[in-house]
Asker: 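Just dropping this structure here.
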Amino acid sequence: MKLAAEPQSNHLDSYQKKVVASTTAGFGLENMDIMFLSFALSSIIAQLGLTGTQAGMISTITNIGMLIGGIFFGILADRIGRIKTFTYTIFIFAVATGAMYFANNLTTVYICRFLAGIGGGGEYGIGMTVLAESFSKSKLGRISSWVGMAGQVGAIVATVLAALIIPTLGWHALFLFGVIPVFIIFFIRRHLKESDSFIKSSKEKNGSIKELFETPKIAYQTFALMIMAIVQIAGYFGLMNWLPTIMQKQLNLTVSSSTWMIATILGMCAGMFTFGMILDKLGPRLAFGIFLVFSAIGVYVLTLPTNMASLIVVGAVVGYFSNGMFAGYGAVVSHLYPTEIRATANNVIMNTGRCIGGFSSLVIGWILDNHNVMTVMIFISTLYIISLIAMLSISNLRQKNYKKF
């Protein structure tokens with residue numbers, strides 16, 4: 001059987017196109033499923049009579065599931081293969097999302113979202129690993145950016161579907177679209193195969209999570225990347241969940257959440273595309289450095305708009321920098337960790353970010369209750385500065401070291 005190699009051509013061959021199609025579709029539909037909850041939450045609260053704490057626990061349970069699923073499926077992918085495990089994760093998050101159609105009590109909602117988190121948490125890192133082992137590392141940033149942009153396309157699709165379905169058919173019907181990813185499984189099983197590098201590494205050594213912390217230098221690298229991932233997710237949730245409300249209540253602006261979200265997502269897509277090119281051309285330090293500095297400065301710009309049009313433009317610009325970095329993590333982690341622990345590293349690092357960074361919404365809510373808008377901006381800006389310091393302290397991200405991997 002012909003195995004996937006790591007081609008150097010500037011053009012995608014037929015196998016690489018299948019890899020890109022599978023991973024972008026998987027991540028795009030996963031993000032669509034995740035966004036369904038954001039749009040359906042107010043309806044779920046009203047129908048089930050939930051308190052704020054009970055409603056907040058839905059996202060928390062989802063994030064915990066992502067961390068558990070990320071660790072478990074990352075290890076599994078490094079031991080039994082990326083392709084089989086990839087399909088398992090897609091199946092779990094798709095079926096669990098579709099099962100929300102039958103959720104008529106809080107316990108069922110919690111169970112469904114926990115299982116969806118397990119599947120979704122496993123899918124991201126494995127998809128990034130499949131990409132890393134199918135393309136030369138010199139263009140992995142650009143390829144990874146496509147996957148990140150697919151996730152944002154999924155969010156736009158979720159926005160449109162929610163606007164069409166919830167008012168007419170109710171929130172239960174929206175989640176039925178979550179089973180669509182199941183059909184991707186048949187394509188993946190038929191057309192994708194394990195890479196040469198995985199076949200070779202699996203014969204020589206089985207990876208384990210302890211290898212992420214095997215030496216002080218590797219342990220520090222892992223923890224620093226986790227800090228960066230936490231800040232990345234915290235900034236994203238702060239931008240997407242709270243800023244429209246901040247502008248409405250604190251600055252007396254009227255803005256459509258869907259209009260704001262689509263404009264910001266388009267800005268994020270442009271940022272991801274640009275970041276991927278800078279990463280491949282100039283290296284991770286310069287790429288992350290530029291985007292982190294402008295993210296730290298950019299949040300203050302959000303206090304300047306005086307009308308809806310200017311707010312939408314500013315939101316797109318801030319989205320460009322704040323979330324343009326997202327797809328780059330998969331490329332960087334795939335560079336820095338060997339084949340035998342690559343999927344584990346991707347999943348553990350990013351899902352730690354998702355689990356902890358997701359609590360930023362609670363922190364921002366507390367700040368707004370006790371302080372003011374400028375304090376929120378200072379908080380978010382400080383997070384980006386912390387991430388910048390962590391990034392600069394990782395010796396393997398220096399260009400001369402990074403190219404060795």
Side-chain angles (χ1 to χ4, degrees), residues 67 70-71 74 78 124-125 128-129 131-132 137-145 148 207-236 271-272 274-297 321-357 380-405:
L67 180 58
I71 294 172
D78 283 330
Y124 170 82
M128 284 296 185
T129 300
L131 279 179
K137 290 183 178 180
S138 63
K139 54 184 179 181
L140 190 53
R142 281 166 288 176
I143 300 300
S144 297
S145 72
S208 66
I209 195 170
K210 69 180 182 181
E211 292 180 51
L212 301 180
F213 311 95
E214 194 168 30
T215 66
K217 182 177 181 179
I218 295 300
Y220 181 83
Q221 173 180 285
T222 300
F223 282 122
L225 287 168
M226 284 179 177
I227 289 171
M228 292 179 68
I230 289 168
V231 172
Q232 180 65 46
I233 301 301
Y236 176 80
M272 288 177 183
T274 307
F275 183 89
M277 291 191 294
I278 297 174
L279 178 62
D280 287 340
K281 292 283 187 181
L282 303 175
R285 275 198 160 188
L286 192 55
F288 277 108
I290 292 170
F291 275 68
L292 285 169
V293 168
F294 277 96
S295 294
I297 297 171
F321 288 107
S322 68
N323 213 44
M325 301 171 280
F326 181 82
Y329 290 92
V332 166
V333 171
S334 296
H335 255 284
L336 298 183
Y337 293 87
T339 303
E340 58 267 19
I341 57 168
R342 186 170 291 143
T344 302
N346 267 307
N347 271 349
V348 169
I349 289 168
M350 284 309 297
N351 285 298
T352 298
R354 280 171 162 173
C355 188
I356 299 176
I380 297 175
S381 182
T382 301
L383 289 180
Y384 286 122
I385 293 171
I386 291 171
S387 181
L388 177 64
I389 294 170
M391 184 273 294
L392 291 174
S393 70
I394 301 174
S395 61
N396 284 337
L397 288 184
R398 296 190 183 102
Q399 187 72 334
K400 63 180 182 179
N401 296 338
Y402 187 71
K403 287 184 176 181
K404 294 178 182 177
F405 291 92

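Keep in mind that this is a model prediction, so the values were computed, not measured.
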Asker: Show, in sequence, the C-alpha distance, side-chain angles and deciding distance for Leu336 and Leu397, and conclude whether the side chain to side chain contact (heavy atoms under 4.5 Å, CB included) test is met.
Answerer: CA-CA 8 Å; Leu336 298 183; Leu397 288 184; 3.8 Å; yes
Asker: Can you measure from NZ (Lys210) to OG1 (Thr344) and round to the nearest 0.5 angstrom?
Answerer: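 Reported to 0.5 Å precision, the distance equals 13.0 Å.
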Asker: By side-chain hydrogen bond (donor to acceptor under 3.5 Å, both in side chains), which residues pair with Thr274, not counting sequence neighbours?
Answerer: Tyr320
Asker: For residues 322-333, run the donor-acceptor check on the side chains, cut-off 3.5 Å, and write out each pair with its distance to 0.1 Å, sequence neighbours left out.
Answerer:
residue : atom : partner : partner atom : Å
Ser322  : OG   : Val318  : O            : 3.0
Asn323  : OD1  : Gln232  : NE2          : 2.9
Tyr329  : OH   : Met228  : O            : 3.2

Asker: Can you name the nearest heavy-atom pair linking Ala234 to Leu383, along with the distance?
Answerer: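 Between these two residues, the closest heavy atoms are CB-CD1, 4.0 Å.
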Asker: For Ile233 and Gly357, which heavy atoms make the closest approach, and how far apart are they?
Answerer: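 What the structure gives for the nearest pair is CG2-C, 4.0 Å.
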Asker: Could you check, using the six-membered ring where one of them is a Trp, whether Phe275 and Phe288 have ring centers closer than 6.0 angstrom?
Answerer: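 Ring centroids of Phe275 and Phe288 are less than 6.0 Å from each other.
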Asker: Can you list everything that forms a ring-ring contact (aromatic ring centres under 6.0 Å, His included) with Tyr220? Sequence neighbours excluded, please.
Answerer: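 Per chain and number, Tyr220 pairs via ring-ring contact (aromatic ring centres under 6.0 Å, His included) with no residue.
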Asker: Short question: side chain of Arg285, backbone of Leu392 - any donor-acceptor pair under 3.5 Å?
Answerer: yes
Asker: Closest heavy-atom contact between Gly148 and Met272?
Answerer: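 That closest heavy-atom pairing would be C-SD, 3.2 Å.
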Asker: Measure the shortest side-chain to side-chain distance between Gln221 and Tyr337 over non-hydrogen atoms and say whether it is less than 4.5 angstrom.
Answerer: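 In short, these two side chains touch, coming nearer than 4.5 Å.
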Asker: I'd like to check Leu388 versus Val293 (side-chain heavy atoms, cut-off strictly below 4.5 Å). Are they in contact?
Answerer: yes
Asker: Any donor-acceptor pair under 3.5 Å linking the side chain of Ser334 with the backbone of Thr129?
Answerer: no
Asker: Quick one: salt bridge (Lys or Arg N to Asp or Glu O under 4.0 Å) pairs with a partner in residues 346-355, sequence neighbours left out?
Answerer: Glu30-Arg354
Asker: State whether the side chain of Ser295 and the backbone N or O of Phe321 hold a donor-acceptor pair below 3.5 Å, judged by distance alone.
Answerer: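 Checked: pair present.
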Asker: Taking atom CD1 of Ile349 and atom CD1 of Ile227, what is their separation to the nearest 0.5 Å?
Answerer: 11.5 Å
Asker: Checking Asn347 now: which residues fulfil side-chain hydrogen bond (donor to acceptor under 3.5 Å, both in side chains) with it, not counting sequence neighbours?
Answerer: none
Asker: Using a 4.5 Å cut-off on heavy atoms from C-beta on, say whether the side chain of Val348 contacts that of Met226.
Answerer: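 Contact flag for Met226/Val348 side chains = yes.
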Asker: Quick one: pull up OG1 in Thr222 and CG in Leu212 and give me the separation to the nearest 0.5 Å.
Answerer: 5.0 Å
Asker: So Asn396 and Lys217, do their side chains get closer than 4.5 Å, heavy atoms only?
Answerer: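 Of all side-chain heavy-atom pairs linking Asn396 with Lys217, at least one is under 4.5 Å.
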Asker: Centroid-to-centroid, Phe213 to Phe223, below 6.0 Å?
Answerer: yes
Asker: In chain order, what residues pass the side-chain hydrogen bond (donor to acceptor under 3.5 Å, both in side chains) check against Ser145, with sequence neighbours excluded?
Answerer: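 Listed in chain order: nothing, the list is empty.
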Asker: Sort out for me which residue in Lys137, Arg142, Lys139 forms a salt bridge (charged side-chain N to carboxylate O under 4.0 Å, His left out) with Asp280.
Answerer: Arg142
Asker: Let me confirm one number: the CD1-OG distance from Ile230 to Ser387, rounded to the nearest 0.5 Å.
Answerer: 10.0 Å
Asker: What's the spacing between Asn351 CG and Ile71 CD1 if we round to 0.5 Å?
Answerer: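 These two atoms lie 8.0 Å from each other.
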Asker: Is the shortest side-chain heavy-atom distance between Leu279 and Leu140 below 4.5 Å?
Answerer: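 Heavy-atom side-chain distance check fails, nothing below 4.5 Å.
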Asker: Nearest 0.5 Å, what's the CD-CG distance between Gln399 and Leu282?
Answerer: 8.0 Å
Asker: Give a yes or no answer on whether the side chain of Ser144 reaches the backbone of Gly141 with a donor-acceptor pair at less than 3.5 Å.
Answerer: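 No, Ser144 side chain to Gly141 backbone: no donor-acceptor pair under 3.5 Å.
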